[in-house]
Visitor: 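Starting off with a structure, shown below.
We count ligands from 1, going down the list as the structure has it; atoms in each ligand are counted the same way. Just the heavy atoms: all of them, side chains too, but no hydrogens, waters or symmetry mates, feed the values below.
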Amino acid sequence: MNKRVEQLETTIIHASIRGDYEQKTGAVNIPIYLSSTFHQDSFDTFGPYDYSRSGNPTRDALEKTIAALEGGARGLAFASGIAAISSAFMLLSSDDHIVITEDVYGGTFRFVTQVLTQFNIDHTFVDFTDLDAVAQAIKPNTKLIYIETPSNPRLGITDIEGVVALAKAHDCLTFLDNTFMSPLYQRPLDLGVDIVLHSATKFLSGHSDIIAGLAVTKDKELGNRLAFIQNSFGAILGAQDSYTLIQGIKTLGARLTQSTASAQKIAAYLDGHTLVEEVFYPGLANHPGYDIHAKQSTSPGAVLSFRLPNRETAKAFVESVKIPVFAVSLGGVESILSYPAQMSHAAMPKEEREKRGITDGLLRFSVGLEHVDDLIADLEQALQVATESVIASTSK
Ligand SMILES: *Cc1c(COP(=O)(O)O)cnc(C)c1O
């Protein structure tokens, strides 16, 4: 097939089957190659696959797909988002130092603070909305700057190109967790980032059915080093889940477009509600990172968070909503409501949490594919119940 210049929505549909076309099967879906090992035709020369930890045709199709979507040299699929992230950290060596966003995903926080420290790899947490603070945290042995934007759960925005410039000046690698945006809305490798990481459990698979992770490197040499670690560490994605993820990715464009349009309306609705103290969504002009986000991404995405006055109102609200599931995770076809103080950030001491703005009234909402009018009507009635709970408690 000739090389075409096309939109990502088009690449998403066809990327996984181009390899199979070459094999002339004509199948429109990549087969699930359930084979741990591969027969070798010749005594001396081996075929492209030998053992599925090192390479599997179904996983290969997925890895090529994500590399094409992110515009990178090499894609790699892992057993979970955190497997992709922790494997990428294995590129570091003892005595290296990491500068990392203080808003980082909880599992990444745990790996950096409790596992990497065992290997003498140190870290400094910084507020990444402040580039000067990032610059000041860089030490002579800093080898990696780790970005997550928008961050969780307050959707803080990091200036990607600003951080990349600092990293290049100090000879550091940059990794970026692109889970919230997906390549459809943000392509960090184009902005100079070295490795993009994903929890593909979220928007990329999109159906709350599998746990999966992806990494894409900007250049080939780094890709080979990470592939070596993937094979050595062994946290690969199986063929069946690779297939499920390929199918999920095909509908990413349609899903994200609808969920984001709904998220815009819901953010505006919540922003105008008297009980809601604050809404965090990079698509609202009052969001502090609005301009930077608009410069480096094509859309604000489908996740927002908002602050109710306290734990009691949050509880009354959660107990009254009918449509969203109340759960950890995000990026599914169903709307997912989470309570960071007791879910993603439960392990963090209360003062640390509150310092990061994760108060007892903060809720995160991942907007799914339900009709937006139904979602807003549901939020409306639940906010009404929460408002009445305030009135009841103040008149006691
Ligand atoms: C969920 C998540 C992860 C971890 O991915 P798993 O697939 O759960 O291992 C990492 N980063 C972000 C931003 C996430 O939301």
Visitor: Excluding sequence neighbours, so at least two apart, what forms side chain to side chain donor-acceptor pair (under 3.5 Å) with K355?
Guide: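 Expected list: E352.
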Visitor: Tell me which one of V164, L197, T149, I145 satisfies side chain to side chain contact (heavy atoms under 4.5 Å, CB included) with L176.
Guide: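 The option that passes is T149.
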Visitor: Which atoms of ligand 1 have any heavy atom of A212 under 4.0 Å away?
Guide: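 So the atoms of ligand 1 that pass are 7 (O).
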Visitor: What residue and atom, counting heavy atoms only, is the protein's closest point to atom 4 (C) of ligand 1, and at what distance?
Guide: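 So the nearest neighbour among protein heavy atoms is Y105 CE2, 3.3 Å.
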Visitor: With F125, which of T101, D103, T113 fulfils side chain to side chain contact (heavy atoms under 4.5 Å, CB included)?
Guide: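 Result: among T101, D103, T113, T113 is the only option passing the side chain to side chain contact (heavy atoms under 4.5 Å, CB included) with F125.
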Visitor: Using the side chain to side chain donor-acceptor pair (under 3.5 Å) rule, pick out the option among N141, D122, T142 that qualifies with H97.
Guide: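 Only match with H97 under side chain to side chain donor-acceptor pair (under 3.5 Å): T142.
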Visitor: Does E148 reach ligand 1 with a nitrogen or oxygen that is under 3.5 Å from one of the ligand's nitrogen or oxygen atoms?
Guide: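 No; every N/O pair is 3.5 Å or more apart.
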Visitor: Do ligand 1 and F180 have nitrogen or oxygen atoms that lie under 3.5 Å from each other?
Guide: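 Between F180 and ligand 1, no N or O pair is found under 3.5 Å apart.
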Visitor: At less than 4.0 angstrom from any non-hydrogen atom of I85, what atoms of ligand 1 do you find?
Guide: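 So the answer, numbered in order with elements, is 10 (C).
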Visitor: With nothing but distance in play, are any N or O atoms of T108 less than 3.5 Å from an N or O of ligand 1?
Guide: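 No, no N or O pair falls under 3.5 Å.
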Visitor: Check each atom of ligand 1 against the heavy atoms of G81 and keep those under 4.0 Å away; list them by number with element.
Guide: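 This gives 5 (O), 6 (P), 7 (O), 9 (O) as the contact atoms.
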Visitor: Between R307 and T359, is the side chain to side chain donor-acceptor pair (under 3.5 Å) condition met? List the steps.
Guide: CA-CA 8 Å; R307 195 191 306 291; T359 56; 2.6 Å; yes
Visitor: Among protein heavy atoms, which lies nearest atom 15 (O) of ligand 1, and at what distance?
Guide: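 Result for atom 15 (O) of ligand 1: K202 NZ, 2.7 Å.
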Visitor: List ligand 1 atoms under 4.0 Å from D177, heavy atoms only on the residue side.
Guide: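 Here the atoms of ligand 1 in question are 10 (C), 11 (N), 12 (C), 13 (C).
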Visitor: Please identify each residue that fulfils side chain to side chain donor-acceptor pair (under 3.5 Å) with N178, with sequence neighbours left out.
Guide: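 For N178, the residues satisfying side chain to side chain donor-acceptor pair (under 3.5 Å) (neighbours in sequence not counted) are E70, Q186.
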Visitor: Nearest protein heavy atom to atom 9 (O) of ligand 1, by residue and atom, and its distance?
Guide: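 Answer, as residue, atom name and distance: I82 N, 2.8 Å.
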Visitor: Using heavy atoms and a threshold below 4.0 Å, how should the contact between T201 and ligand 1 be classified: side chain, backbone, both, or neither?
Guide: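 T201 to ligand 1: side-chain contact only, backbone stays beyond 4.0 Å.
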Visitor: Below 6.0 angstrom between ring centroids: does that apply to F89 and Y146?
Guide: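 Between Y146 and F89, which both carry aromatic rings, the centre distance is below 6.0 Å.
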Visitor: Do ligand 1 and I211 have nitrogen or oxygen atoms that lie under 3.5 Å from each other?
Guide: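 No: no nitrogen or oxygen of I211 is under 3.5 Å from one in ligand 1.
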Visitor: Aromatic contact between F306 and Y269, with the criterion being ring centroids under 6.0 Å apart: yes or no?
Guide: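 No; Y269 has its ring centre 6.0 Å or more from that of F306.
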